[in-house]
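Comments concern the structure below.
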Amino acid sequence: MENRFCKKCLMNEVMGQAEYKHMQDYISNIDSFIKTEEKDYKERLGICMDCDNLINGMCKLCGCYVEMRAAVKKNYCPNIERKWDKIS
Ligand code: SF4
């Protein structure tokens, strides 16, 4: 895969298929007790996709892959505004 710089992309657009599947497997195996509900997960990722801090699927404030960070309920957006807190 060629190296690309992709602002506001999630990992399916920048990772190879095998790595992406590995990440998805990891996310699906997160214990439901600590996992973000699907609706909130999608909303978190939607907020990230509109955020200037998202580059190549990674948040430049914390260095996390947002798809993985957002999948754990207790995690929060590292921006000073804590953007995910807007989700009700
Ligand atoms: S600052 Fe928050 S909303 Fe923006 S990419 Fe990072 S985690 Fe997502």
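Indexing begins at 1, ligand by ligand and atom by atom, following the structure's order. Below, all heavy atoms of this structure are taken into account, side chains as well, without hydrogens, waters or symmetry copies. All values derive from a computational prediction rather than experimental measurement.
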Exercise. Can you name the one residue among N79, D85, I80 that meets side-chain contact (heavy atoms from CB on, under 4.5 Å) with R82?
Worked result: D85
Seminar exercise, completed: For K83, the ligand 1 atoms with a heavy-atom partner under 4.0 Å come out as 3 (S)
Exercise. Near Y76 OH, under 6.0 Å, is it more than 12 heavy atoms from other residues, nucleotides or ligands?
Worked result: no
For this session: Look up atom CG in N29 and atom CD in Q24, then write down how far apart they are to the nearest 0.5 Å.
Result: 11.0 Å
Problem set entry | Side-chain ion pair, K35 and D31, N-O less than 4.0 Å | no
Exercise. In terms of residue, atom name and distance, what is the protein heavy atom nearest to atom 4 (Fe) of ligand 1?
Worked result: C51 SG, 2.4 Å
Exercise. Do any of the N/O/S atoms of C48, backbone or side chain, fall under 2.8 Å from atom 8 (Fe) of ligand 1?
Worked result: yes
Exercise. To which protein heavy atom is atom 7 (S) of ligand 1 closest, and what is the distance rounded to 0.1 Å?
Worked result: P78 CD, 3.5 Å
Exercise. Which atoms of ligand 1 are found less than 4.0 Å from any heavy atom of L61?
Worked result: 1 (S)
Exercise. What's the verdict on side-chain hydrogen bond (donor to acceptor under 3.5 Å, both in side chains) for E37 and Y41, showing C-alpha distance, side-chain angles and the deciding distance?
Worked result: CA-CA 6 Å; E37 284 181 26; Y41 182 63; over 6 Å; no
For this session: Considering only non-hydrogen protein atoms, determine which one is nearest to atom 6 (Fe) of ligand 1 and report residue, atom name and distance to 0.1 Å.
Result: C59 SG, 2.4 Å
Exercise. Within C77, is some N, O or S atom less than 2.8 Å away from atom 4 (Fe) of ligand 1?
Worked result: no
Exercise. Near N79, which atoms of ligand 1 are under 4.0 Å from a heavy atom of that residue?
Worked result: 1 (S)
Problem set entry | Any donor-acceptor N/O pair, R69 side chain to N75 backbone, under 3.5 Å | no
For this session: Using a strict 4.0 Å cut-off to heavy atoms of W84, name the atoms of ligand 1 that fall inside it.
Result: 7 (S)
Exercise. Is the backbone N or O of T36 less than 3.5 Å from a side-chain atom of D40, with the two atoms forming a donor-acceptor pair by type?
Worked result: no
